[in-house]
Amino acid sequence: MLTNKQVSEAVTMIGEMFPDAECELHHSNPFELLIAVVLSAQCTDALVNKVTPDLFNKYKTPEDYVEVSQEELEQDIRSIGLYRNKAKNIKKLSKSLIEQYNGEVPESKEELMELAGVGRKTANVVASVAFGVPAIAVDTHVERVSKRLGICRWKDNVREVENTLMKKVPKEEWSVTHHRLIFFGRYHCKAQSPQCPVCPLLDMCREGKKRMKKRQAAME
DNA sequence: AACTCGGGGCA
DNA sequence: TGCCCAGAGTT
């Protein structure tokens, strides 16, 4: 397991690899971000960014989503997949916003997680990106790189990965940490093709060293 | 813990 | 054309 000092070194090095790591979803306010992150479940941000310009041009407020028919909303987000669930969740979530929060997006992770279609990851992204709440969103990228590097244990569940990251990274760096780990996982430490031979973190990476050793053995 | 929802993108 | 992508809800 990496020490706190090693984790902080790793995060710094990843920061140098991705100096402008930040939320890639198009949005201009907390409500749009919330919708974009809900839509992004189980699909790529790039795909979500293809539908949001038209979507946000058509729907400005929670009322707009409540008033539209389920079928019409489904058609508007059809290309991202899982569209029936997502359309249903967005209508339900919009209704909750109107009834419980005067049409505004709540700022706490706990309140966000009560909303339809909003789980741990989505709540953390919205809270941290839109409201500056300290949080580390653990998606599959963050989970994978945390396990490969040895920040946490292989058998840890999402909650444990999140807790370990929060323990090992100073609170004021949580938001940069989660964006950097996401970029690192998405573009470099990819699920099927980690770029170990050219990785600046190889020396401290548990999985990377194992893979390189295997590679070496295969060469001989 | 396992299962379901799903079309886009790439090889 | 088949595999990979990537969370939340339900049972």
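Proteins get letters first, then strands, A, B, ... in listed order; numbering begins at 1 in each.
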Requested in this report: Hey, which sits more toward the 5' end of DNA chain C by its nearest nucleotide, A/Q192 or A/L115?
Outcome: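 Whichever sits nearer the 5' end wins; that is A/Q192.
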Report summary line: Contacts of A/K92 and A/T140 projected onto DNA chain C by closest heavy atom; the upstream (5') one is A/T140
Interatomic distance where [atom1] belongs to [X] and [atom2] belongs to [N] [whole Å]:
X: A/L47; N: B/dC5; atom1: CG; atom2: P; result: 20 Å
X: A/E160; N: B/dA1; atom1: CD; atom2: P; result: 10 Å
X: A/M113; N: C/dG7; atom1: CE; atom2: C1'; result: 13 Å
X: A/R186; N: C/dA6; atom1: CZ; atom2: C1'; result: 10 Å
X: A/L34; N: C/dA8; atom1: CG; atom2: C1'; result: 14 Å
X: A/K86; N: C/dA6; atom1: NZ; atom2: C1'; result: 9 Å
X: A/L39; N: C/dA8; atom1: CG; atom2: P; result: 13 Å
X: A/K121; N: C/dA6; atom1: NZ; atom2: C1'; result: 8 Å

[atom1] gap between [N] and [M], integer Å:
N: C/dT10; M: B/dG7; atom1: C1'; answer: 22 Å
N: B/dC10; M: C/dG7; atom1: C1'; answer: 22 Å
N: C/dA8; M: B/dG8; atom1: P; answer: 22 Å

Query - Near-strand residues of residues 141-159 of chain A, defined as heavy-atom separation under 4.0 angstrom from DNA chain C - result: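 Output list: A/H141.
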Requested in this report: Enumerate the residues from residues 70-84 of chain A whose closest heavy atom to DNA chain C is under 4.0 Å, giving them by residue number; use none for an empty result.
Outcome: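 A/L82 - these, ordered by number, are the residues of the stretch whose heavy atoms sit under 4.0 Å from the strand.
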Query raised in the report: Once the angle between the rings of A/Y65 and A/Y59 is folded into 0 to 90°, is it parallel (under 30°), tilted (30 to 60°) or perpendicular (over 60°)?
Result: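 Geometry flag for A/Y59 against A/Y65: parallel rings.
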Determine the minimum heavy-atom distance between [X] and [Y], stating which atoms define it.
X: A/K86; Y: A/C43; answer: NZ-SG, 4.1 Å
X: A/G119; Y: A/M113; answer: O-CG, 3.6 Å
X: A/V145; Y: A/G185; answer: CG1-CA, 3.6 Å

Spacing of [atom1] belonging to [X] relative to [atom2] belonging to [Y], to within rounding of 0.5 Å:
X: A/E162; Y: A/K121; atom1: CD; atom2: NZ; answer: 12.5 Å
X: A/H178; Y: A/H141; atom1: NE2; atom2: NE2; answer: 12.0 Å
X: A/N157; Y: A/E143; atom1: CG; atom2: CD; answer: 8.0 Å

Report task. Indicate, with a heavy-atom threshold strictly under 4.0 Å, whether A/D139 touches base, sugar-phosphate, or nothing. Result -> sugar-phosphate
Report task. Would you mind classifying the nucleic acid contact of A/A191 as base, sugar-phosphate or nothing, using non-hydrogen atoms under 4.0 angstrom? Result -> sugar-phosphate
Name the atoms and distances for all side-chain donor-acceptor pairs under 3.5 Å in residues 193-213 of chain A, with sequence neighbours left out.
unit_1 : atom_1 : unit_2 : atom_2 : d
A/Q195 : NE2    : A/S193 : O      : 2.7
A/R206 : NH2    : A/K147 : O      : 2.5
A/R206 : NH2    : A/C152 : O      : 3.2
A/E207 : OE2    : A/R211 : NE     : 2.9
A/K209 : NZ     : A/D203 : O      : 3.2

Query raised in the report: Between A/Y101 and A/E111, is any pair of side-chain heavy atoms under 4.5 Å apart?
Result: yes
Query - N or O in side chain of A/T44 less than 4.0 angstrom from B/dG9 OP1/OP2 - result: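 No, no such contact exists.
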Query - A/R78 and A/E74 ion-paired at < 4.0 Å - result: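 The answer is no: the pair does not qualify as a salt bridge.
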Query raised in the report: Which nucleotide sits closest to the side chain of A/N85: C/dC5, B/dG8, B/dC5?
Result: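 Comparing C/dC5, B/dG8, B/dC5 against the side chain of A/N85, the answer is B/dC5.
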